[in-house]
K.L.:
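This is the structure I have questions about; it appears just below.
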Amino acid sequence: MSITHSVFLRTQRLPTAAQLNAALDKAKIALRLAPEWNTRDDSGFWPATFQGYDAGFEWRVEPIADAELTAKVRKRVAKQELVVSLVTRADLNQLASAVAVWGVLASITDGIAYADESGDFFEPEHALELAQEQVAQPPPKESPTARITYPRTLDERLAVTETRRTSHSLLLEGSQRHYRVFLDTKSIPSPSVFVITRRLENRAGDFSVLELEVNQRLIHFTPEGRVLDPEYVPDYASLARKLGDTESIGLALRSGGPVSAAALAAFMRDDSADVARRQLAIVTLGLMGGEASGALDALRGMKPHPALGADATRAIELIEAR
């Protein structure tokens with residue numbers, strides 16, 4: 001079961017990781033957030049240390065206009081622009097760190113704090129008081145006999161239901177968790193019976209699907225989400241040509257180094273594509289470093305391009321440096 005705490009605020013009030021850490025220090029809360037986090041652009045699990053123990057939470061920022069909100073909530077936060085969601089599950093240290101940041105964030109931004117499970121709103125000062133009360137108790141100590149080594153593989157049958165599909169991905173839901181798998185869905189009828197038979201759990205509490213049973217037939221995945229069964233492998237190059245679809249770029253990045261590089265290189269050379277998105281593909285190749293060495297010829301071919309040449313040159317330097 002997941003627990004969500006939200007803060008609604010104005011765009012210009014969103015603090016940096018450094019500002020949040022400084023505010024936590026000022027509030028005398030012994031929580032340290034990973035400082036390299038980009039609060040505006042990063043999403044996912046934000047690691048932290050709470051009183052010397054591993055902690056953290058899932059961080060998500062989105063415009064209120066795009067968020068799924070009830071009419072009551074939308075009316076209450078009508079003057080705000082962003083919603084920051086802090087999501088945790090069973091780990092008590094992670095819950096404490098999320099509540100601490102929730103209260104501090106509301107306090108320093110003059111935002112509206114909201115507890116999604118109860119549906120209650122809190123003024124910034126009250127949210128900060130609740131945060132300080134939450135972290136006043138020492139964190140639970142780990143029992144040596146109960147220590148779990150992560151990542152760990154879970155072999156169990158988990159029935160899931162399909163909630164959304166594209167031509168190359170499925171969104172599945174089971175036990176109040178969402179699982180996304182990337183595969184060619186054209187040969188999978190709808191509706192189908194889906195059972196996850198093997199999962200990989202990371203310390204952050206997120207899962208990767210390793211085996212998915214579809215109508216009693218197994219499909220195998222790598223921990224990075226790449227389909228091992230050739231029958232279901234999508235055409236990554238054609239998907240990368242549709243980078244306007246954010247799931248396509250996500251698929252390219254999750255699918256593994258050489259395949260990602262090939263997909264991004266194919267898109268980069270597509271003259272009909274938006275220049276800004278082609279630039280993103282080039283920058284991503286540079287960040288991939290040595291994994292993108294197979295795209296060097298394509299990047300060299302882009303060097304004369306008036307708008308993309310400088311980015312291509314920089315990407316080449318980064319790849320060759322590794």
Side-chain angles (χ1 to χ4, degrees), residues 1-2 4 42-45 58-60 62 66 68 85 87-90 150-264 266-267 280-281 284 288 291:
M1 177 179 178
S2 62
T4 303
D42 290 345
S43 62
F45 186 75
E58 293 181 26
W59 170 275
R60 184 176 68 247
E62 61 182 329
D66 297 339
E68 295 183 6
S85 301
V87 184
T88 56
R89 294 182 175 86
Y150 293 97
R152 62 170 178 163
T153 301
L154 301 177
D155 292 301
E156 59 185 6
R157 295 181 64 83
L158 175 64
V160 290
T161 57
E162 176 185 340
T163 59
R164 184 169 178 261
R165 76 163 60 190
T166 70
S167 63
H168 56 273
S169 70
L170 288 170
L171 185 63
L172 307 169
E173 182 177 1
S175 298
Q176 298 182 321
R177 293 183 185 273
H178 294 282
Y179 304 86
R180 185 183 300 281
V181 295
F182 294 99
L183 70 165
D184 191 331
T185 60
K186 292 189 289 293
S187 60
I188 297 178
S190 181
S192 290
V193 178
F194 298 97
V195 179
I196 295 174
T197 57
R198 175 174 291 187
R199 296 176 290 162
L200 183 72
E201 181 184 10
N202 297 309
R203 181 174 293 278
D206 61 306
F207 292 85
S208 298
V209 176
L210 296 180
E211 288 182 359
L212 175 67
E213 188 179 280
V214 182
N215 298 329
Q216 299 185 332
R217 177 178 177 182
L218 277 180
I219 303 175
H220 302 275
F221 299 83
T222 69
E224 293 76 24
R226 183 176 177 182
V227 184
L228 295 179
D229 188 339
E231 179 181 345
Y232 292 107
V233 175
D235 181 348
Y236 294 107
S238 65
L239 290 178
R241 293 179 185 275
K242 300 185 294 183
L243 279 184
D245 171 7
T246 56
E247 287 182 332
S248 296
I249 183 61
L251 172 58
L253 293 176
R254 284 172 58 105
S255 62
V259 178
S260 298
L264 293 168
F267 177 76
L280 173 63
T284 303
M288 289 172 65
E291 292 185 332

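The structure presented is a predicted model; accordingly, all values stated were derived computationally and were not measured.
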K.L.:
Could you state the interatomic distance from OG (Ser208) to CZ (Phe221), rounded to the nearest 0.5 Å?
P.N.:
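Interatomic distance, Ser208 OG to Phe221 CZ, rounded to 0.5 Å: 10.5 Å.
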K.L.:
Does any non-hydrogen side-chain atom of Arg177 lie less than 4.5 Å from one of Phe207?
P.N.:
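Yes - at least one pair of side-chain heavy atoms lies under 4.5 Å apart.
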K.L.:
Which residues pass the side-chain contact (heavy atoms from CB on, under 4.5 Å) test with Thr153, not counting sequence neighbours?
P.N.:
Asp155, Arg198, Leu200, Leu210
K.L.:
Can you name the residues that form a side-chain contact (heavy atoms from CB on, under 4.5 Å) with Pro191, not counting sequence neighbours?
P.N.:
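By the side-chain contact (heavy atoms from CB on, under 4.5 Å) rule, Pro191 matches no residue at all.
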K.L.:
Report the residues that fulfil side chain to side chain donor-acceptor pair (under 3.5 Å) with Arg165, sequence neighbours left out, ordered by chain and then residue number.
P.N.:
Glu162
K.L.:
Are Leu212 and Tyr179 side-chain neighbours, meaning at least one heavy-atom pair lies under 4.5 Å?
P.N.:
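No, every pair of side-chain atoms sits at 4.5 Å or beyond.
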K.L.:
I'd like to check the side chain to side chain donor-acceptor pair (under 3.5 Å) partners of Asn215; sequence neighbours left out, ordered by chain and number.
P.N.:
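Side chain to side chain donor-acceptor pair (under 3.5 Å) check on Asn215 returns Ser192.
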K.L.:
Taking side chain to side chain donor-acceptor pair (under 3.5 Å) as the definition, give me every residue that meets it alongside Thr4, ordered by chain and number, with sequence neighbours left out.
P.N.:
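For Thr4, no residue satisfies side chain to side chain donor-acceptor pair (under 3.5 Å) once neighbours in sequence are set aside.
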K.L.:
Taking only residues two or more places apart in sequence, or in another chain, which ones meet Glu173 in a side-chain contact (heavy atoms from CB on, under 4.5 Å)?
P.N.:
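Applying side-chain contact (heavy atoms from CB on, under 4.5 Å) to Glu173 gives Thr161, Thr163, His178.
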K.L.:
Within this structure, what is the CG-CD distance for the pair Leu154 and Glu201, rounded to the nearest 0.5 Å?
P.N.:
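Output value for this atom pair is 5.5 Å.
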K.L.:
Atom CD in Glu62, atom OG in Ser85: separation rounded to 0.5 Å?
P.N.:
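The CD atom of Glu62 sits 6.0 Å away from the OG atom of Ser85.
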K.L.:
So do the side chains of Val195 and Val214 get within less than 4.5 Å of each other, counting heavy atoms only?
P.N.:
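Result no, sub-4.5 Å side-chain heavy-atom pair not found.
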K.L.:
Does the side chain of Ile188 reach to within under 4.5 Å of the side chain of Phe194, using non-hydrogen atoms?
P.N.:
yes
K.L.:
How far apart are the closest heavy atoms of Glu213 and Gln216, and which atoms are they?
P.N.:
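Shortest heavy-atom separation between Glu213 and Gln216 comes out as CG-CA, 3.5 Å.
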